[in-house]
Amino acid sequence: MTNVNPIIYLDHAATTPMHPQVVEKMAQVMANTYGNASSVYSVGREAKALLEASRESVAKSLNCLPNEVYFTGCGSEADNWAVKGYAMANRKKGNHIITTKIEHHAILHPCEFLEKNGFEVTYLPVDETGLVSLEDVKNAIKDTTILISVMYANNEVGTIEPIAEIAKIAKEKGICMHTDAVQAVGAEAIDFKALGVDMLSLSAHKFGGPKGVGALLVRKGVKLEPFMHGGAQERSRRAGTENLAGIAGLATALEISVENLSEKQAKIKAMRDYLISEIEANIPHIKFNGNREHRLANNVNFCFRYIEGESLLLMLDINGICASSGSACTSGSLDPSHVLLALGLPHEIAHGSLRLTLSSKTTREEIDYTVSKLKEIVHRLRLMSPIYDMSLEEN
Ligand SMILES: *Cc1c(COP(=O)(O)O)cnc(C)c1O
């Protein structure tokens with residue numbers, strides 16, 4: 001298959017193209033390793049061996065024990081399991097959970113579900129750059145607090161949270177700490193042991209792997225209710241015949257991602273900063289979103305005043321540029337992003353947001369083309385906007 005129109009893909013936070021080596025690995029597994037990993041004969045044992053090799057590979061990439069890796073059906077499942085599974089298994093100890101206002105819906109909605117079932121949840125605010133304050137974490141802790149869940153890096157504005165510091169606070173108080181690291185795994189160097197969290201979520205399709213497979217790392221000794229009840233797979237904690245091709249694909253994608261990570265990161269960061277400075281130099285009436293320092297290497301997020309993010313996306317698409325406004329899961333709805341609102345942006349500005357997320361393959365030519373199109377489109381949309389005219393008259 002070849003693309004007739006060159007596509008400029010700048011939405012790597014929504015999903016990533018699969019790495020060719022991952023596709024090859026999965027095709028091999030699907031064609032040859034068809035056994036059920038729970039069967040005793042050789043074909044099953046072969047599947048089991050590949051499953052355990054994949055687990056060891058993930059453990060090595062993230063510095064945890066192989067037995068601390070639990071494969072799941074996606075990142076959302078890992079998040080749901082961490083929050084609900086921990087709450088259900090530890091409700092005798094307390095019913096209070098601390099999280100933040102800027103989590104992914106895969107954390108926020110399980111928390112809302114738990115609130116309807118006798119739990120109390122504190123949603124921590126963030127500052128105007130998206131950072132959680134350690135003081136707020138400390139002040140939110142009660143005698144009944146059993147779990148703190150704070151995302152490693154935000155999927156919309158790219159802000160990286162002080163996870164090791166929060167984990168330290170949690171540990172001192174004997175509280176379990178989970179982090180949704182779906183945006184960070186494969187993009188940031190992650191050492192599960194050194195980070196000090198008890199649970200960590202990840203998803204393969206965010207780092208060059210397949211969709212529909214993820215993992216939850218669970219520190220040895222953490223009490224967790226099974227998410228899926230049934231067979232004895234995943235040490236009886238997650239029933240269901242394993243998605244072997246997906247799991248092998250996840251492990252391979254992670255191996256590739258962590259290889260020469262700091263060099264790739266430096267390259268993406270340089271491109272990101274070039275894109276930010278080009279937008280700032282060429283387009284007026286904009287607002288940079290997120291934290292300039294504590295930021296994912298590939299994330300650019302701006303609000304363009306007087307225009308709608310959705311119109312901007314459609315016009316970019318006509319020009320072959322894939323981008324996002326808010327998060328992929330919520331676009332289509334007209335509500336402004338809960339993340340931008342938590343950063344203190346007024347509704348009318350939050351509506352005009354654009355997220356561009358790069359990869360190590362993004363080129364300077366792609367960025368130059370994107371900025372020139374963006375400049376044109378923003379100008380054209382503003383000329384059609386009645387609020388833009390009004391504001392010009394006021395000035
Ligand atoms: C993408 C994403 C998820 C959900 O992962 P899926 O595998 O798509 O279910 C959860 N949290 C964050 C921060 C994400 O970016």
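For ligands, and for the atoms within them, numbers begin at 1 and follow the listed sequence.
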Engineer: When only distance counts, is N155 in polar contact with ligand 1, meaning an N/O pair under 3.5 Å?
Structural biologist: no
Engineer: Table please: side-chain donor-acceptor pairs of residues 219-227 below 3.5 Å, with sequence neighbours left out.
Structural biologist:
residue : atom : partner : partner atom : Å
R219    : NE   : D198    : OD1          : 2.7
R219    : NH2  : D198    : OD1          : 2.9
K223    : NZ   : A89     : O            : 3.4

Engineer: Enumerate the atoms of ligand 1 whose separation from the nearest heavy atom of D79 is less than 4.0 angstrom.
Structural biologist: 10 (C), 11 (N)
Engineer: Go through ligand 1 atom by atom and flag the ones less than 4.0 Å from a non-hydrogen atom of H205.
Structural biologist: 6 (P), 7 (O), 8 (O)
Engineer: So, is G75 polar-close to ligand 1, with some N/O to N/O distance under 3.5 Å?
Structural biologist: yes
Engineer: Could you list which atoms of ligand 1 come closer than 4.0 Å to a heavy atom of C74?
Structural biologist: 7 (O), 9 (O)
Engineer: Would the distance check show the side chain of Q265 and the main-chain N or O of A187 forming a donor-acceptor pair, the cut-off being under 3.5 Å?
Structural biologist: yes
Engineer: Check for me whether the distance between the ring centres of H96 and F119 falls short of 6.0 Å.
Structural biologist: no
Engineer: Within a distance under 4.0 Å of any heavy atom of K206, pick out the atoms of ligand 1 and give their elements.
Structural biologist: 1 (C), 2 (C), 3 (C), 14 (C), 15 (O)
Engineer: Of all the atoms in ligand 1, which lie at a distance below 4.0 Å from a heavy atom belonging to S76?
Structural biologist: 4 (C), 5 (O), 6 (P), 9 (O)
Engineer: Using the test salt bridge (Lys or Arg N to Asp or Glu O under 4.0 Å), find all partners of E77 that sit at least two apart in sequence or belong to another chain.
Structural biologist: R238
Engineer: Is R237 salt-bridged to E234, going by a charged N under 4.0 Å from an acidic O?
Structural biologist: no
